[in-house]
Every structure is written in structure tokens, then in C-alpha cells.
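Residue numbers start from 1 in every chain, and the chains themselves are labelled A, B, ... in the order their sequence lines are given, proteins ahead of strands.
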Amino acid sequence: MGSSSQRAVKTIDLSAVKPDMVENTVYFDFDSFIVKPQFQSLLEAQAKRLKANKAVKIYLSGHTDELGGREYNLALGQKRAEAVKRSLTILGIPESQMEAVSFGKEKPAIPGTTEAAGEKNRRVEISNRD
Amino acid sequence: MKQYFLSPRIKVNRLVLLGLTLLAFMVFPFQSYAQLRVEVSGIGATQLPITISAFKGEEQSPHKISQIIAADLQRSGVFRLVDVSVSGNTVDEGTRPDLQRIRAGGAESLVAGSASRLADGRFDVRARLWDTVKGIDLGAQSIVASHSDLRFAAHRVSDWLYEKLTGEKGVASTRIAYVTKAMNNGSPKYNLWVADADGESAHSALASSEPIISPAWSPSGLSLAYVSFESRKPVVYIHDIAAGKRRVVANFNGSNSAPAWSPDGQNLVVTLSQAGGSQIFSIPSVGGEPKILTKSSSIDTEATYAPDGRTLFFVSDRSGSPQIYRLNLQSGAVERISFSGNYNVSPAVSPDGKKLAFINRTGGAFKLMLQDLVTGSVTSLTDTGADESPSFSANSKQIIYATQILSAGRWQEALMMTTLDGRVKSKLTTPAGDIREPHWGGYQGATLK
């Protein structure tokens, strides 16, 4: 006979904390791969929801602005994604819950090569993997 | 050619998608054609004057053989077409033409031929080459081709003429691969195309709502490796063009990109982030475990083999910004190759091993450069400022690259082919949208040693 605590069932509700309820984009300065302090609270909120739902896995998708060679920019976006991954690791999220990938310059948030576009394109997006 | 079509609206879990991709059995029976517009400009340094008379019977055949040949020779940058009217369509490969009259018109060579339909529906293409100066017959070609191979037959005649008159192999019968991006009701649609080197007979090998980059022809000319983002991350595929079948060759943790084939077709070099950062690995082209080739705390990417298979050119920012290096695969020794300015990427080596094409950024302009690998001298080949993705033609005489040109006040993506002196250029554009990521394929069926 098991005790009542062994027969308890604790629910994991994947729909409970939707990814878009938590801010999910970290922006970077020009030529920079450093996660700025202003994004610390965003990362802490992400870490909280990920600890609450250990079955949820995320992509950290790195992006660059539209200037430069496609493959080199893919590698720069990767550098940004891994910087965010390191920040989340420091906040206690296991590597197995995260995959750092890059889109380089292929999916700009704002098309174009102006500085205004660049500001919005140099980013890492945090999204759930299916 | 079979085409793949991928829809983003289907929500499948990644493992299932991977399984479907590995099965690679989703074949759709339709084919898409997109017309490329080709404009040739510039005058070559040495131009052989040649007259190509209308082929007897070509008015009745599906393609004007003489015009295909004329365009092929013009794009090579080595010929100047001389129009000498030949009375009617009476001159063919069997007639002795009035060579003195052709010579007086300015041509040193004359091509005359015929295209006739055989009883079984195929076409018999024949051509003879005359030297109008010496007044002699330099030989003839005869090719039987099906309707769908008629353009290819004309291109093979062009290559025969090119080799007869220059001593070098022509590339009219090679193919190019490239990617287009069109907006479809606000959603992007990407296609990976295979076309003849003249931009005709374009067939889509892959249609996707997610980006496709870095297509790379196998040395056999039968497969393309490329990077697809359909799985929400970059994954490297190898795609058998004729069979319409593809398989994943690199989908390791993180990003997988920048595929390039070894000259014997046995291996690919790829850039993987599975070890952290971006590093270069070698992987058997049939699939298997990757072997790391570079180990640095910097970005190492865009590896490409030298034609002897013994060294790799690649991009690294280990000096603080991206430069081009050469790795000796046997000894592991690395030497720096690029020294102009602080940003050099996208190396491409000519098949004869003598030249390196790459993209240099200076003052915000991204420009195609050509480096002599023996002397080290570097020349600029373009007057555009957004050049990308250079690759050499199979005879090492031309480079294809992507760029942006100002057209009616707007920047338009275009592919360009240029002679190595930058003098003769062919611009390839599509009305459908953006065009980029070209790769020039080799002679089909050839495997290099």
C-alpha cells in the first residue's frame, strides 16, 4: 500500500504560461554580443517559467542586421544566441532545456539597412520548441 | 525534375519532421518555371570575331539553335558576333560557304549548320566551323537530341566551338543553382532553382516558406547540398536533383551550415555549433560522424576545398575581424591569406587552383575581389557595393555572384557573371522578386581526382 503522498499527482500544464506572456526578445548593440543589464529581468522571468515547466524546451534564435555575408552573419547570430544561453545557464536552466540556433540575416524583424532597422534586427528570440 | 513543397502551417513535432525529411518520399508532380532575364554588357580584351549563320531548319524546330550558340559565345566575353547576312537558309554544315565574303564582313570564323527532325521525333543538330582567314574547314559536330535536350545540344555545340577556337573548355553546357524569394500575400516563398548557365530551363528543386541558403553543387553535378531553415533552425541537406530525393546530412545540436564538397565528392565540410560557437567539421557525404577540423575560440566558417583536396580555405575572425585563411589538412598548419582591410569573407577557389575570389568590406561597401594565389595581387571586379557569394565557372574563366543594382530608383537583387578581368558581365534578374545565393556547377557526370 503506498502512502497518500506517493499517489499524489502534480500537474504540469504546458499551456499555463504561454511564451508570449513573457517578453521573449533580447536586443544587442552594433557589433556586440554582450547581454545588456536591462534584459536581466526578462531573462529572470523566462528562467522562472522554464523552472516551473521543466518539460518545456526552448530555441534561442540569434539574428543579425542585414549587412554582411550570409554565413558569417549566421555565425554572429549564433554568438548572440549562445550569449543568452549562458545567461540562462547562470540563472539555473539546464543546457538540455535550451538549443541555441541562428538565422543570421535571413529573418529581419524590419527589412532594410538603416540604423533603426538594425536596432530591431540584432536580437535573440526565445521561443518554445514543439 | 521533382519538386518539394513545404508548408509552415502544418504543425508537426520536430522528430516527425525529421523522419519525413529522412524518408524524403514526398514527391509532387508539378514543376515550376521562372524566366530569368539576361543582359550582357561590356567589351572583352580580346574578342574573336565570329559569324553564326541561321541553322537550316531551325525556323521549324522548337529552339533557334544559332541564337542559343550566339548568346553562349557572347556571354563568354571572348567573342564578338559579326552579322553577315547569308542568303536565305541555304548554308548548312554540308555547303561550302563564300568564306571570302564572310571574311570581308569582319568575321574570322563562321559556323554553319542544320537542325532537322528525325522520324522518331528527336532532332539531329549538325554544325561545321570554318576559318575564314585560312579558308579551311576546322571540323564538324553532330548531336542527336530529344526535344527536351535540344537546348543542351546547342550548348554542347557552343562548348565545342569555344574549345576549338580558344583551346580552353567552355561552360555553356554547365548549370547554375540559385535561390529566389517572392512575397506571396505578405508571406515569403523561397525556391531553390536549377537552370542552364544561360538562365533558361529553370526548374525548382525545392519550394519552402523558410529561407534556403548556401547551395553547393556536388562535383558530379547531380546533387546539391544546401542549408534549409524549415525545421526552425539551419540544417544541411543533400538533394539528388533528378530523383527529387533528399536527406539530412547535418542536423546536430545548434546550427548546421556552410556545406562544401571535397573534390572527390566523398566528404563535406560544414560549420557546426554543436561544440559551441561556429567551427568547421568534415563529415562523410553519405552521412556519419563529424570530425572537427578547426578548434578556436573565434568564429571559423565558410570552408571550401582547394581543387587538390589537400587544403581548405576558410573564414576566421581569430585576428579580431573576419579574414581568409588556408588550412593544410595533413599538417594542420594554418596561414592567413587575406590582408586587404579588416573584413574579408566568402572565399571561392578557381578549379585550376590559381585564383581566389572573395568579398571585401571597405567603407561600408561589400565588393567582389580577385586574388592571384601565386603573386598575391588583388583586383576589384565590380562597381557595385552589395556583392555576395562568388563561385567560379568550371573552366575558371568566369565568376558568378549575387549583388544589388539600382533599377528605376530601387535596389534590386541580381545575379551577375563576370569575366576575370571584370570587363564583360551578364546580369540575370527575375521579375518575381529577389534572387541570390548562386553556385556554378561543373560538368555533369565528372568526378575530379
Item checked: Least distance between heavy atoms, B:Phe229 atom then A:Leu74 atom -> CZ-CD1, 3.7 Å
Item checked: Taking every non-hydrogen atom, the tightest pair across B:Tyr190 and A:Glu106 -> OH-O, 4.0 Å
Item checked: Partner of A:Ser102 under side chain to side chain contact (heavy atoms under 4.5 Å, CB included), chosen from B:Ser257, B:Ser255, B:Ser273 -> B:Ser255
Note to self: Regarding B:Ser214 and A:Glu71, do their side chains bring together a donor and an acceptor under 3.5 Å, going by distance alone?
What the structure shows: yes
Check: If every non-hydrogen atom of B:Gly277 is compared with every non-hydrogen atom of A:Glu82, which pair is closest and at what distance?
Finding: N-OE1, 2.8 Å
Check: At what distance, to the nearest 0.5 angstrom, does NZ of B:Lys233 lie from CZ of A:Arg129?
Finding: 7.5 Å
Next item on the list: Could you tell me which portion of A:Ala100 (side chain, backbone, both or neither) has an atom closer than 4.5 angstrom to a non-hydrogen atom of chain B?
Entry: backbone
Notebook entry, point to check: What's the shortest heavy-atom distance between B:Pro234 and A:Val101, and which atoms?
Noted result: CD-CB, 4.3 Å
Item checked: Interface moiety of B:Arg232 toward chain A, non-hydrogen atoms closer than 4.5 Å -> both
Checklist line | A:Gln78 side chain to B:Ser278 side chain, donor-acceptor N/O pair below 3.5 angstrom | finding: no
Note to self: Looking at every heavy atom in both B:Glu388 and A:Gly68, which two are closest together, and how far apart are they?
What the structure shows: OE2-O, 3.9 Å
Checklist line | Whether over 12 other heavy atoms sit under 6.0 Å from A:Ile34 CD1 | finding: no
Check: If you round to the nearest 0.5 Å, how far is CZ of A:Phe103 from CD1 of B:Ile213?
Finding: 10.5 Å
Check: Can you tell me how far the CD1 atom of B:Ile299 sits from the CZ atom of A:Phe33, to the nearest 0.5 Å?
Finding: 6.0 Å
Note to self: Please determine whether the number of non-hydrogen atoms from other residues, nucleotides or ligands lying under 6.0 Å from atom NZ of A:Lys51 exceeds 12.
What the structure shows: yes
Check: Relative to chain A, which of B:Gly276, B:Gly364, B:Ala386 shows the most heavy atom pairs under 4.5 Å?
Finding: B:Gly276
Note to self: Nearest 0.5 Å, please: how far is CG in A:Leu76 from CG in B:Asp317?
What the structure shows: 7.0 Å
Notebook entry, point to check: Where on B:Pro322 is there a heavy atom nearer than 4.5 Å to chain A: the side chain, the backbone, both, or neither?
Noted result: both
